[in-house]
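Step one of this worksheet: look at the structure below.
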Amino acid sequence: MGKKNIEELNLMDDFLMGSVLSYPVVGPEVCRKMISIILSREIREVRIVPQKAYFGADTDKHGIRLDVYAEEAREGDVDTVYDIEPDKSSKGEMRLALPRRTRFYHAKIDADSLASGEDYAQLKNVTVIFISPYDPFGLKRMVYTIKNTCVEEPDMPCEDGMQTLFLYTKGSKGNPPEELRRLLRYLEDSREENAQDEDLKEIHRMVQQVKRDREVSLEYMKIYERERMIREEGREEGREEGYASGGEAAKIGIIRRKVEKGFSAPEIAEMLETEESYVNEVMHLLEKNEGASDLEIARKKLGIEEGR
């Protein structure tokens, strides 16, 4: 399947979601409207930190890179942190790992949100929101709200400030507000005809503004043309090493993006169905040769001399 034109992208696509929500002025307003609809309450003001990274405590420890990190301020202080993750990967092992993945996200956000000397009562509320076109739990619900409870006393309040929302765009069970149904439909298929209320019409207007921005279009072309250019360069070599390095560079590009997303070597190896030692070797080369292209890393790994 060929590369989509930027006009064909939907907000469920990582690139467009990140571009819109990091866009000056537009981003915070789109995010504010989305969260207000999802939570069925008015959000007054948010601050966006796109692609916020939490690094591991050491080089061999797992870090994460959040798609959209938003802070809601009340009376001047940050009260709640929101992490919005559009997730289109429906692979079985990734889906099964979602509860533990969100547990890790909560832990990393919490660890960074309490300053030294602050009381635990100052710990921010954290809501992680996963939005997917697949059913994460197979129960056909549009909304799965996860909170900590007491097993023996399920009605006992346990307000630790942590919750996770899994939103399934095609869910049929439950009774979610019609505004949320329309929002999820629009996120999955971001055409004008799916902007069916005033909030969505305003969101669509801002999305179109971002799509028309030349810098955004150029960035999209640069990112999504990378693998094609690598493959073509490999073919143009006209010899076995060229084909090999082109194919190797494509795999390295995938690993690079997974590393930037915060995945560990074992997780990447499982996703790509390859040896963990291979992933570790590529990660070492990427770290040692910062700024090198995927093709340059591939040549180093394959032992192909530059200029041959």
Side-chain angles (χ1 to χ4, degrees), residues 1-43 46 48 50-51 66-68 70 82-91 95 129-136 140-144 165-228 257:
M1 185 176 177
K3 176 178 73 71
K4 289 182 180 179
N5 183 285
I6 193 168
E7 279 297 326
E8 300 174 299
L9 292 182
N10 303 305
L11 275 175
M12 280 296 297
D13 291 297
D14 283 348
F15 177 83
L16 185 59
M17 178 72 83
S19 296
V20 169
L21 295 190
S22 63
Y23 203 83
V25 182
V26 163
E29 182 61 12
V30 172
C31 187
R32 186 190 68 79
K33 286 181 178 291
M34 284 177 53
I35 296 174
S36 295
I37 294 170
I38 290 169
L39 299 183
S40 297
R41 72 173 178 84
E42 187 65 21
I43 303 294
V46 295
I48 307 295
Q51 294 289 311
L66 306 180
D67 284 340
V68 179
Y82 299 98
D83 168 34
I84 303 175
E85 300 285 331
D87 187 54
K88 297 172 71 175
S89 176
S90 60
K91 287 185 65 176
R95 188 185 306 188
I129 303 170
F130 264 81
I131 307 172
S132 66
Y134 62 87
D135 190 343
K140 300 182 181 179
R141 286 193 170 274
M142 181 168 282
V143 182
Y144 298 91
L165 299 178
F166 294 97
L167 306 179
Y168 169 37
T169 58
K170 300 181 181 70
S172 57
K173 289 182 65 176
N175 190 30
E178 184 58 33
E179 292 83 0
L180 178 58
R181 293 179 184 273
R182 290 195 290 259
L183 171 65
L184 295 183
R185 188 183 306 124
Y186 178 77
L187 294 182
E188 189 173 17
D189 186 0
S190 305
R191 291 177 297 165
E192 184 176 7
E193 50 263 46
N194 287 327
Q196 296 179 348
D197 58 40
E198 290 307 312
D199 280 334
L200 289 180
K201 287 177 182 177
E202 182 66 11
I203 288 174
H204 183 71
R205 183 191 67 76
M206 291 186 281
V207 168
Q208 291 303 109
Q209 178 183 340
V210 175
K211 283 184 175 182
R212 289 192 294 267
D213 188 295
R214 180 172 173 77
E215 292 299 319
V216 174
S217 296
L218 288 174
E219 180 66 16
Y220 176 66
M221 291 173 61
K222 181 177 71 175
I223 292 173
Y224 286 87
E225 287 291 309
R226 181 187 297 166
E227 285 188 21
R228 183 186 66 80
R257 290 193 294 277

* To do: Pick out which of Thr169, Asn10, Asn194 makes a side chain to side chain donor-acceptor pair (under 3.5 Å) with Glu188.
  =>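 Running side chain to side chain donor-acceptor pair (under 3.5 Å) over Thr169, Asn10, Asn194 with Glu188 returns exactly one hit, Thr169.
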
* **Within 6.0 Å of CD in Gln208, more than 12 heavy atoms from elsewhere** =>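 Buried by this count: over 12 neighbours within 6.0 Å.
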
Could you tell me which non-hydrogen atom of [X] sits nearest to which non-hydrogen atom of [Y], and how far apart they are?
{"X": "Met142", "Y": "Arg181", "answer": "SD-CG, 3.7 Å"}
{"X": "Gln209", "Y": "Val26", "answer": "OE1-CG2, 3.7 Å"}
{"X": "Leu11", "Y": "Leu16", "answer": "N-CD2, 3.9 Å"}
{"X": "Lys33", "Y": "Glu202", "answer": "CE-CG, 3.7 Å"}
{"X": "Asp213", "Y": "Glu215", "answer": "OD1-N, 2.8 Å"}
{"X": "Pro86", "Y": "Ile84", "answer": "CD-O, 3.7 Å"}

* Are a donor atom and an acceptor atom from the side chains of Asn5 and Tyr220 found within less than 3.5 Å of each other? ->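 The answer is no; no qualifying pair exists.
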
* Asked: Does the distance from a Lys or Arg side-chain N to an Asp or Glu carboxylate O, for Arg32 and Glu42, drop under 4.0 Å?
  ->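 Salt bridge: yes.
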
* Asked: Are any of the side-chain nitrogens in Asp13 or Lys88 under 4.0 Å away from the carboxylate oxygens of its partner?
  ->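 Lys88 and Asp13: salt-bridged.
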
* Who passes salt bridge (charged side-chain N to carboxylate O under 4.0 Å, His left out) against Lys140, sequence neighbours left out? ->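 Applying salt bridge (charged side-chain N to carboxylate O under 4.0 Å, His left out) to Lys140 gives none.
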
* Asked: So do Phe166 and Arg141 actually touch side chain to side chain, heavy atoms under 4.5 Å?
  ->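 Arg141 does not reach Phe166 side chain to side chain.
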
* Counting distance only, does the side-chain N/O of Ser132 pair as donor-acceptor with the main-chain N or O of Asp87 below 3.5 Å? ->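 Such a contact is absent between Ser132 side chain and Asp87 backbone.
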
* Measure from the side-chain N and O atoms of Lys170 to the backbone N and O of Pro133, and report whether any donor-acceptor pair falls under 3.5 Å. =>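 Confirmed, Lys170 side chain pairs with Pro133 backbone.
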
* Lys201/His204 under side chain to side chain contact (heavy atoms under 4.5 Å, CB included): CA gap, chis, key distance, verdict -> CA-CA 5 Å; Lys201 287 177 182 177; His204 183 71; 5.7 Å; no

* **Criterion side chain to side chain contact (heavy atoms under 4.5 Å, CB included) on Leu184 and Ile131, from CA distance to verdict** => CA-CA 8 Å; Leu184 295 183; Ile131 307 172; 4.0 Å; yes

